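Letters A, B, ... mirror the listed sequences (proteins, then strands); counts begin at 1. Quick note: numbers below take in every heavy atom, side chains included, and nothing from hydrogens, waters or symmetry partners. Here the structure is a predicted model, which means the values were calculated and not measured.
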Amino acid sequence: MTELSKAYNPNEVEDRIYKLWEESGFFSPEGLSSVASAKEDRFTSRKFVSCIAPPNITGELHIGHALENTLADIIIRMKRMQGYQTLWVPGIDHAGIATQNVVEKELKKEGLTRQNLGREKFLERVWQWKEKSGGKILEQFKKLGLSVDWSRLRFTMDENYQKAVSEAFNHYKKKDWIYQGYRVINWCPRCQSAISDLEVEYKETEGKLYFIRYPLVRESSFAKASEDRQTEYVVVATTRPETMLGDTAVAVNPNDERYKNLIGKKVILPIQDREIPIIADESIDISFGTGAVKVTPAHSVEDFEISQRRNLEVLEIIDKNGKMTEKAGLLCQGLSTKDCRQKVIEKLNELGLIEKIEELVHNIGHCERCGTIIEPLYSKQWFLKMRELAELAKKAITTGSVRIHPEKWKEDMITWLDNMHDWNISRQIWWGHKIPIEGEEDVLDTWFSSALWPFAVLGWPEKTKDLTEYYPTDFITSDRGIRYLWQARMIFSGLEFTGKPPFKDVYIHATVLTKEGQRMSKSLGTGIDPLVLIEKYGADALRFGLAFQTTGIQDIRFNEDVIDAGRKFANKIWNASRFVLIQIGESSKALAKEDGYELKLPSKLDTMDKEFIEELKRLIPLAQENINKFRFSQAVSEIYSFFWNRFASIYIEDAKQKIQNSNDKIQKTEVLLWLLANQLKLLHPFMPFLTEEIWSKLPIKNKKMLLVEQWPK
RNA sequence: GGGCAGUUAGUUCAGUGGCAGAACGUCCGGUUUACAUCCGGAAGGCCGCAGGUUCAAUCCCUGCACUGCCCACCA
């Protein structure tokens, strides 16, 4: 028996234990088959496959990753101990726009741009960057103790993965679900790419609402003399006066009494001196502004839709750099939108056409990746038809072949699928999967490849052994922030390409907020670095604390004290184990059990023994049930409380007395060992490093690593 | 504008139609031979506000307030 130090030192233990696990091969199904037992149905017939959310290659481990993967690891470790052949494939996502931005920032330091370098050289730089720092986060996963199969590590830009992506694209193309079309899309002038609706972040901004007079075109021959003396106007309200240069109509609500008689007439667009029609459209809100809206089809999503309904001309006056085009007219051509606005206001003032200016707080869209204000632009993009795919996903969710937890997210997902627009899958960036069409320069939206993750990592489109054996997967957990971007799309992709939903259970975990309820973010300085917590308290303490705070559907207001409680608990477990080992040390001399103990209860048991054995036996199914139902806090606190308040405080204290009597010594020692060993098993999914380390010191016959020991029954 | 969630001890959160709970923190006392990262004890609550149902409401219903999140084309 090896002596245990007086206090538990996680930093000394963790890396060493992780290495042992890795070398054991037990993180992969092949490794498990080496200890398989058909008799007990261990690692033979039953399988449990978990699906990881691959982090971005730009990523650093944050507390959200730590929570998400800790919870998944708790489940998979329990399943492994229960005899399931488990598989959890790790990987990283190339994260198109995000990565491109990071590398562009690096270039900027050298005074370069991607355009200077050219496409080929730029991509070389991205790959270099990926090799250097892209996999950093995976090393950090090891610090957390995740039991993922490193032999199957995948990257969304791997050669095989690229094959999967083009296979998927061509499949859709053949079905005629992919088309090219002109739309007004969200354009980021800095990223020089279209971005999706879901990647636009709206921020409340103070702005101005300009009321502009558009003079009516007089029907001169019928005009009465009195009307001649006064000019008549339609007044429109806008926050972006510069876009008026591209107006091709003024729209009013057909039920608006104020304008009924003007529908079909014309106004003169100031500055441009163009005649444009007054049209009727139901979408116009009578109560906002003046009830009359200028229509700029090329630079507003809503206006574009009106233009399609009413056959209006689409006039592009802003280019991809956010500069005014020649169609904007001589006055403004070449100006930035900001300067152009200035110019337009000056001119309108000169003409006496600004009626008033009001203050207004409104939402302005920003690029989620770089913060630049989005410019809605008319442009040619690739789209994927969503109707049938959304229907597939909806059916899977409605019928329960994919279950969503907590259930409140189920309706939410269905509503989103019901209202889904066609998916703009093209991006005008360089880093990503090239659209597999001759002469096409665009790349695919990152989420197009992410959507294939659960089966692409197993080898699809090849009919590999992995795909047959381990697909569909059982489980995935992720943040609610990407339930549309990613989960919904994985569900329909899985169904479309394999005929099966990619996973059975989706667990949407809590979001980690600060103690004050703020969002954690690097830029606000409110983030908490899990690696610092691991350094300070140990990985087991962090895992304990995260599980302990995962109480239900509420978000977590992160409380570091609970991590500290985890550290103290780790030390408590360590010392209780030390006590047991000391007793064994003394007993084994008497018994000469040098090859270790059988893990079984003695035939003679006193009332106290029976009480505690029964209590522990009741705890096992409860813990199991709680983990299966994602009640992590309840699971871990019940085990905590039994270990500390019952086993350590009562049973051990009582045993100290009884052990004085040498007749009871052996009996007590065996019960102590039995109780401890089974509690270590229950604790292992939550605190794997510590429990593995203690397990390695226990004198038990024919033991394996705790990682693959049998879950208690 | 619409939807969802939350509001319970100093803090973070459980919980139940029948006397209000845990952890941490605070205070008091302990060198008990595994652990001072420990042990023993104590204080601390109009269960957001206002109505309703009920013998009985922190819990069920209605309304309101505040906080957070998501969705939406308010020009």
Is the charged tip of Arg183(A) near the ring of Phe383(A): under 6.0 Å from the six-membered ring centre and within 45° of its axis? yes
For rC46(B) versus rC59(B), give the span between their P atoms, rounded off to a whole number of Å. 16 Å
In whole Å, what separates the P atom of rC49(B) from that of rC74(B)? 37 Å
Residues which pass side-chain contact (heavy atoms from CB on, under 4.5 Å) with Ser633(A), listed by chain and number, not counting sequence neighbours: Thr551(A), Ser637(A)
Heavy-atom check, side chain of Ile286(A) versus side chain of Arg258(A), under 4.5 Å: yes
Here the salt bridge (charged side-chain N to carboxylate O under 4.0 Å, His left out) pairs for residues 626-643 of chain A, sequence neighbours left out, are Glu625(A)-Lys629(A)
Carboxylate-amine/guanidinium proximity below 4.0 Å for Asp654(A) and Lys658(A): yes
Please list each protein N or O that sits under 3.5 Å from an N or O in nucleotides 35-45 of chain B, with the distance.
residue	atom	partner	partner atom	Å
rC35(B)	O4'	Asn575(A)	OD1	3.0
rC35(B)	O4'	Asn575(A)	ND2	3.4
rC35(B)	O2'	Asn571(A)	ND2	3.3
rC35(B)	O2	Lys572(A)	NZ	3.2
rC35(B)	N3	Lys572(A)	NZ	2.8
rU37(B)	O2'	Asn571(A)	ND2	3.1
rU37(B)	O2	Asn571(A)	ND2	3.3
rC38(B)	O3'	Lys572(A)	NZ	3.3
rC39(B)	OP1	Lys572(A)	NZ	3.2
rC39(B)	OP1	Trp644(A)	NE1	2.6

Protein-nucleotides 1-8 of chain B N/O pairs under 3.5 Å:
none

Gln634(A) has an atom CD; how far is it from atom P of rA14(B), in whole Å? 11 Å
Less than 4.0 Å between a side-chain N and a carboxylate O, is that true for Asp555(A) and Arg480(A)? yes
Output all residues satisfying side chain to side chain donor-acceptor pair (under 3.5 Å) with Gln634(A), sequence neighbours left out; order by chain, then residue number. none
Who are the side chain to side chain donor-acceptor pair (under 3.5 Å) partners of Lys394(A), not counting sequence neighbours? Asp418(A)
Less than 4.5 Å apart, side chain to side chain, heavy atoms only: is that true for Met324(A) and Ile317(A)? yes
Close N/O contacts between protein and nucleotides 26-29 of chain B (under 3.5 Å):
none

Close side-chain approach of Val235(A) and Tyr214(A), heavy atoms under 4.5 Å: no
Less than 4.0 Å between a side-chain N and a carboxylate O, is that true for Arg567(A) and Asp540(A)? no
N/O contacts under 3.5 Å, protein versus nucleotides 70-75 of chain B?
residue	atom	partner	partner atom	Å
rC70(B)	O2'	Arg483(A)	NH2	3.4
rA72(B)	N6	Asn363(A)	ND2	3.3
rC74(B)	O2	Asp285(A)	OD2	3.2
rA75(B)	O2'	Ala237(A)	O	3.3
rA75(B)	N6	Asp285(A)	O	2.6
rA75(B)	N6	Phe288(A)	O	3.0
rA75(B)	N1	Asp285(A)	N	3.3

Kindly write out the residues that satisfy side-chain contact (heavy atoms from CB on, under 4.5 Å) with Ser283(A), not counting sequence neighbours, or none if the list is empty. Asp281(A), Glu302(A), Ile306(A), Arg309(A)
Distance check needed: rU12(B) C1' versus Phe558(A) CZ, whole Å only. 11 Å
rU11(B) and rU53(B), which share atom name P, separated by this distance in whole Å: 35 Å
Rounding to an integer number of angstrom, what distance separates rG3(B) and rG21(B) when you compare their C1' atoms? 33 Å
Separation of rU33(B) atom P from Gln657(A) atom CD, nearest Å, is 12 Å
Please report, rounded to the nearest Å, how far the P atom of rU12(B) is from the CD atom of Gln549(A). 11 Å
Atom CZ of Phe548(A) to atom C1' of rC13(B): distance rounded to whole Å? 8 Å
When the C1' atoms of rC47(B) and rG41(B) are considered, how many whole Å apart are they? 27 Å
Taken to the nearest whole Å, CG/Asn559(A) to P/rC24(B) is 11 Å
Hey, are Tyr651(A) and Asp609(A) close enough side-chain-wise for a donor-acceptor pair under 3.5 Å? yes
Verify the distance criterion only: is there a donor paired with an acceptor across the side chains of Ser478(A) and Glu68(A) at less than 3.5 Å? no
Taking only Lys NZ, Arg NE, NH1 and NH2, and the carboxylate oxygens of Asp or Glu, determine whether Glu282(A) and Arg310(A) approach each other closer than 4.0 Å. yes
Which pairs, with at least one residue in residues 286-300 of chain A and sequence neighbours excluded, count as a salt bridge (charged side-chain N to carboxylate O under 4.0 Å, His left out)? Asp247(A)-Lys294(A)
Take atom CG of Leu513(A) and atom P of rG68(B), then tell me their distance rounded to the nearest Å. 10 Å
Whole-Å distance, Glu638(A) CD to rA23(B) P, equals 14 Å
P atom, rA5(B) versus rC64(B): distance in rounded Å? 16 Å
Secondary-structure notation, RNA chain B, from Watson-Crick and G-U pairs under 3.5 angstrom (| other strand): (((((((..((((....[..)))).(((((.......))))).....(((((..]....))))))))))))....
Please measure how far the P atom in rG6(B) lies from the corresponding atom in rC13(B), and state the result in whole Å. 13 Å
Mind checking the P distance from rA43(B) to rC27(B)? Whole angstroms is fine. 16 Å
Residue pairs involving residues 356-366 of chain A (criterion salt bridge (charged side-chain N to carboxylate O under 4.0 Å, His left out); sequence neighbours excluded): Lys356(A)-Glu358(A)
